[in-house]
Amino acid sequence: MAGQLVILAGGKGTRLAERLHGLPKPLVDVAGVPLLERQILHAKGCGFDSVVLLVNHRAEIIEDFCRARADFGLNVCLIDDGEPKGTAGAVLAALPVLQDDFLVMYGDTLLNIDLGRFQAFHQARPDAAACLLVHPNDHPQDSDLVEVDASGVITGIHPYPHPAGADLANLVNAALYWVRKDALLPWVEAHTPLDFAKDLFPLMIEAGQKLYGYATPEYIKDIGTPKRLDRAVADLASGRMSRSNLRSPQAAVFLDRDGVINKECGFLRSKEQFELLPGAAESIRRFNQAGLLVVVVTNQPVIARGECSEAELTDIHRRMETLLGAKGAYVDRIYFCPHHPDAGFAGERPELKGPCACRKPEIGMLLAGQKELNIDFAQSWMVGDRTGDILAAKRAGVRSILVETGAAGLDGKHEVSPDYRAKDIGQACEIILGARS
Ligand SMILES: [Zn+2]
C-alpha cells in the first residue's frame, strides 16, 4: 500500500517546555528517539510513501532535522503556514498539495497502530468523508465522547462535561483521521482558527457528511505533558505499546453478559434493570491493565422475540459502559446475537427467527472478534454462566471458566464440562491472571 501522512507539527509545546531543551515540540525525545522520527518511521513501516508536515513554529529546525536524515527515504514536504489556523484550518490551507485520501496525525501523539488495517477500513467506505480512530478509555466521564450508530457512522460528538445521569458509549476520539480531500473542499473558505474535533466535524455531521468511527484497542496517547510522556515511555519499555498493534495476535477474555457482568433478572429489557455484579468492574479493570482485550459476547433473543428493541439494547450497553467507566474499566467490543431459533412468541420479528451462526454455542461472535481484533483463541478465555458459553469456548479452542453466579451452569442444555470453575468473575479473573504470570 501507499499513502500520505499529514502531521500537525505546529504548537509551541509550552506544557512540555522542561523536556524540550529549546527544541520544537515534535522533536521531543521519547526514550532516545525524537517523537517526529518515531511517527514518520512507523508510517513508513506501514507502507506510507509521502509525508506532509504542517508547521507554524520554528519550521527551519524541523526542516533541518528531516534533511539531515535524507527525509527518511520518503517524499517529505514541509509547509510553514504562518499564523496558527487550528488543526482543521491548517489542513484546509494545505489541500492543494494533498492526495485524494490522507491520514491526519497530531504532532504530540505516540502510537503503534496497524495503519494499513485502518486504511482498509476507510477504503471500504467510499461514502466516508472521514474515518476517525476511536477507542474506549478508563475515564470516559471526563472525556469527549463520540456516538456511533450500528453501522459505525458517527451521529454526535459529546464534549466533556456530560449531563448528569447521561449514559454514553465509551468511545473517545483519539485524534487520528483518514480524510477524503473531496469532502473538505466545501469548507476551504471557513473561518479560522478551525479545530477538527470542536468545530469542523460537528459542522460536517450537521451538513450530512458521513464520519465513521474506527474502534481499535491499539496504543495511541497524547504525550503533551511531562507526566503523560513518562507514562508513554514506560509503556514503550514494557512492550505494552508494541503488543497492542493488531498485527500481533491478541489475547482476549470473552465475557458472557447476564449472570457474569450483571445480575441475571429473567430477561433484561431496560437499562433500569441493569446492575453490575460485585467485582465485575474491578475484574474488567484488571484485564484492561494486563493488556487483555475484553470482549462481551451475549445472546439476546429478546430482540427476535420483540421484547426489547435494538435501541433499548444500545441503551443497556451504554449504561453498562457508563457504570464500568465510573470505576475505571472498559470493554473493547460488544457482540450480541439478536436471533432466536423457535417461533411462536407474540410480537416476534420473523426475520430474526431461525438458526444462525452467532447464537452461542455457535461461535460466530468469537470469530468476529478473531477477525476484527486479530484475537488468538489459544491465548484467550471465556467466562460464562451457561453450558452454551462453555460449549462455544470448547468449539473455538478457548479455555473456559464456568461461574456460579447467574445460571451457574444449571441450564442443562449441553453436556459439557468447563476447564475451570469459579465462584464469580472476580475468582475467574484470579485464575486468568494467575495463568498468565
Ligand atoms: Zn445469531
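In this chain, numbering begins with 1 at the start of the sequence shown. Atom set for the values below is all heavy atoms of this structure, side chains included, hydrogens, waters and symmetry mates excluded. Counting starts at 1 for both ligands and their atoms, following the listed order.
- Aromatic ring centres of Phe201 and Trp187 lie farther apart than the 6.0 Å criterion allows.
- In this structure, Arg125 satisfies the cation-pi test against Phe121, with its NZ or CZ atom closer than 6.0 Å to the six-membered ring centre and inside 45 degrees of the ring normal.
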Item checked: Pair His340-Phe345, ring-ring contact (aromatic ring centres under 6.0 Å, His included): steps then yes or no -> CA-CA 10 Å; His340 192 261; Phe345 293 83; 5.4 Å; yes
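- Looking at every heavy atom in both residues, Ala129 comes nearest to Leu211 through CB-CD2, 4.2 Å.
- Electrostatic pairing of Asp389 and Lys360 counts as a salt bridge here, judged by a charged N lying under 4.0 Å from a carboxylate O.
- Around the Zn ion (ligand 1), protein N, O or S atoms at a distance under 2.8 Å total 4; waters are neither shown nor counted.
- Among residue pairs with one or both ends in residues 159-178, those qualifying as salt bridge (Lys or Arg N to Asp or Glu O under 4.0 Å) are Asp167-Lys271, Asp167-Arg319; sequence neighbours excluded.
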